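First the structure, in the form of structure tokens, and then the observations on it.
This one's a predicted model, so the numbers in the text were calculated from it and none came from an experiment.
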Amino acid sequence: MATVSERRAPAAQPLPAAFFAREVLTVARELIGCVLAHGPCRGVIVETEAYHQSEPACHAYIGRTPRTATLYGPPGRAYVYRSYGIHALLNAVCEPEGVGAAVLIRALYPLQGIELMAQRRRTSDRLSLCSGPGKLSQALGIDLSLNGSSLRGGPIRIYPRHPRFREPELVRGPRIGISKATELPWRFAIANCKYVSKPWPWRRSFV
DNA sequence: CATGGGATTGACT
DNA sequence: GTCAATCCCATGC
């Protein structure tokens, strides 16, 4: 008879840089269900958006500047920037080095470190702990100093979806909070998930 | 050097 | 539904 330790899956390694070096839309889709960790806090990624230098909603659209240097750098690093003067938004840099592209992590299903998250967010409502890009950064303690850090060997890590969790059913739609390239359906989320930043007003479309 | 625009959120009408 | 908070950085003079 198999023991518990034999039955348990081996400890997962963070996603390799090669995972992020692919097309940003592919990475945005496949990051759904993966686990984001910082310190004692962990959560399942339930919502993402893709950004690419070829479209004007992406910061990298203007070319390489001090601000966008991280976006054009090697894949598998964190691009963290300040939004509206208040919030730190976390992205995963994608595509080969030299291409400006990233996936914005927009919402998590909290797994571990929930008490600390609640303390930082000043709420105990689990649904609103990480249901937005600014919220999840606050909950996990992610700030601008982590811009450029590795998502594999740095303080922030992203782990693959646990094998015993089945592949999530996804929905897809236009990105939120942007004024340019609003027609692109580059937002992804787990279908019917209550932990996303905003519900899907449109009819469900499967990926 | 001055200005303006946000990949958001929470409080309020 | 409206709106302000607040800061980094790109742009233009």
Would you mind building the protein contact string for nucleotides 6-13 of chain B? One character per nucleotide, 5' to 3', B for base within reach (heavy atoms under 4.0 Å), S for sugar-phosphate only, - for untouched. BBBSS---

For A/Phe19, is the NZ or CZ atom of A/Arg22 found under 6.0 angstrom from the centre of its six-membered ring and inside 45 degrees of the ring axis? yes

Does any donor atom in the side chain of A/Arg106 or A/Ser197 lie under 3.5 Å from an acceptor atom in the other side chain? yes

Which nucleotide, if any, forms a Watson-Crick or G-U wobble pair with B/dT8, using both distances under 3.5 Å? C/dA5

Does a side-chain N-to-carboxylate-O contact under 4.0 Å join A/Lys198 and A/Glu47? no

Verify whether one side chain among A/Tyr61 and A/His52 offers a donor that lies under 3.5 Å from an acceptor in the other. no

Does the side chain of A/His87 come within less than 4.5 Å of A/Arg82's, by heavy atoms? no

Is the A/Tyr81-A/His59 ring centre distance short of 6.0 angstrom? yes

Between A/Ser145 and A/Asp143, do the side chains contain an N or O donor and an N or O acceptor separated by less than 3.5 Å? yes

Leading and trailing nucleotides of DNA chain C with any atom under 4.0 Å from heavy atoms of chain A: C/dA5 to C/dA10

Side chains of A/Gln138 and A/Arg120: any donor to acceptor distance under 3.5 Å? no

